[in-house]
Amino acid sequence: MNPCATTFPIRDYDLDATVASGQAFRWSAHRGGWVGVIGRRWVRLKSTDISLTAQTAEPVPDWRWLTHYLQLELDLQPVLASFPPDDAMRSAVQACQGLRLLRQDPWECLASFILSSTKQIVQIRQIISHLSEDFGKPVSVPRGHAPIRAFPTPEALASANEAALRACKMGFRAPYLLAAARAVSEGDLRLDVLHQMSVTDARAQLLKLAGVGPKIADCVLLFAYGFQSAFPVDVWVMKALRELYFPRRRPDKARLQRFTETYFGAHAGYAQQYLFHYMRTRRQTPAKAIALRGVR
DNA sequence: TACCAGGAGAGCG
DNA sequence: CGCTCTCATGGT
């Protein structure tokens, strides 16, 4: 038995769509699989229809950190069955069977989405890569693989100065990230207790941070804490809501919010991810398809 | 209300 | 090629 590799049986799991779907930003395509860092571990993932293989740089006695991150134990069928039975949702699900939500580290997720505001996915990846290079601890990598660093800890960023953060091309987001890093490292914001709070209270905690509005708060609630009712509305999801559900009248903000909170069911956040992916990938022009492949 | 901050990729004529 | 748009928060 190789202590640095394992294989899991999977069902309804589209790894490619999942790691490239704008919820996590550190995965890179590598020889038919994906290379990334989870916590302080380098990991390479590769999947077929029925199995997912993971390789690490150092021996792994317990793989729960990975099954948890990938949410491998989740049965997707009940989630899909909970979606409203309308044409839009049906098309979105049909476009990508097996799209999943990851369960990311709260700090990495929060920091990443603070950096995401008014940025496109490619550029978010660039900033986070640069930030990790400058402030992250090195992690072990198997022979023959490029060196890579962990996502920076709150402490590492809290002791940085704003100019050094700006050097990572994050612009006006630098003071927001710095303040968040300080709040977390000084214990003013306890990310570890948001799990136990109601989604409303957890959201209120996140919204206290400068640079965190409703969209970014909902991303963190959904992608790091697994609050299935969180429904981040970005331009793509807004486009989906307008085109698919409100083609005539354009609803005011309160009405739209009530709709997203009630219509999509117990796994609204999951429904949102399918709509997001559907809007981003449907009716691709050939040039755009090539560009998207280039990102992977 | 409308614009700006800072940045690089995408889309268009 | 050069122009305009993307993307979402907070401050003026």
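Note that the coordinates shown come from a computational prediction; the quantities given were computed from them, not determined experimentally. The sequence lines fix the lettering, A, B, ..., with proteins before strands; numbering per chain opens at 1.
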May I have the distance from [X] (atom [atom1]) to [N] (atom [atom2]), rounded to whole angstrom?
X	N	atom1	atom2	value
A/K119	C/dT9	NZ	C1'	13 Å
A/L165	B/dA5	CG	P	20 Å
A/L209	C/dG10	CG	P	9 Å
A/I216	C/dC7	CD1	P	14 Å
A/Q123	C/dC7	CD	C1'	9 Å
A/R125	B/dG9	CZ	C1'	14 Å
A/I127	B/dA8	CD1	P	9 Å
A/L131	B/dG7	CG	C1'	16 Å

5' precedence on DNA chain B between A/S117 and A/Q120 (nearest-nucleotide basis): A/S117
Can you list everything that forms a ring pair (Phe, Tyr, Trp, His ring centres under 6.0 Å) with A/F246? Sequence neighbours excluded, please. A/F259
Could you tell me whether A/Q94 atom CD has more than 12 heavy atoms of other residues or ligands within 6.0 Å of it? no
CG of A/D252: more than 12 outside heavy atoms within 6.0 angstrom? yes
May I ask you to check whether A/Y270 and A/F83 place their ring centres under 6.0 Å from each other? no
Could you work out the separation of [N] and [M] based on their [atom1] atoms and round it to a whole Å?
N	M	atom1	result
C/dG2	B/dA5	C1'	24 Å
C/dC1	B/dG6	C1'	24 Å
B/dT1	C/dC7	P	23 Å

What's the closest nucleotide to the A/V122 side chain, out of B/dG9, C/dT9, B/dA8? B/dG9
Among B/dG9, C/dT9, B/dA8, which nucleotide sits nearest the side chain of A/K169? B/dA8
Residues A/D218, A/R203: salt bridge by 4.0 Å N-O rule: yes
Decide, yes or no, whether a salt bridge links A/R255 with A/E261 under the criterion of side-chain N to carboxylate O below 4.0 Å. no
When the side chains of residues 219-232 of chain A are checked against the rest of the protein, which donor-acceptor pairs come out under 3.5 Å, sequence neighbours left out?
{"from": "A/Y225", "atom 1": "OH", "to": "A/L191", "atom 2": "O", "distance (Å)": "2.7"}
{"from": "A/Q228", "atom 1": "OE1", "to": "A/H267", "atom 2": "ND1", "distance (Å)": "2.9"}
{"from": "A/Q228", "atom 1": "NE2", "to": "A/G226", "atom 2": "O", "distance (Å)": "3.4"}

Between A/L207 and A/V235, whichever has its closest DNA chain C nucleotide further toward 5' is A/V235
Please tell me if A/W236 has a side-chain N or O lying less than 4.0 Å from either OP1 or OP2 of C/dT6. no
Any side-chain N or O of A/Q126 below 4.0 angstrom from OP1/OP2 of B/dG9? yes
Give A/K215 one of three labels, base, sugar-phosphate or nothing, depending on what nucleic acid heavy atoms sit under 4.0 Å from its own. sugar-phosphate
Tabulate atom names and distances for all N/O pairs under 3.5 angstrom spanning the protein and nucleotides 1-4 of chain C.
none

Do the ring planes of A/Y263 and A/Y245 sit parallel (below 30°), tilted (30 to 60°) or perpendicular (above 60°)? perpendicular
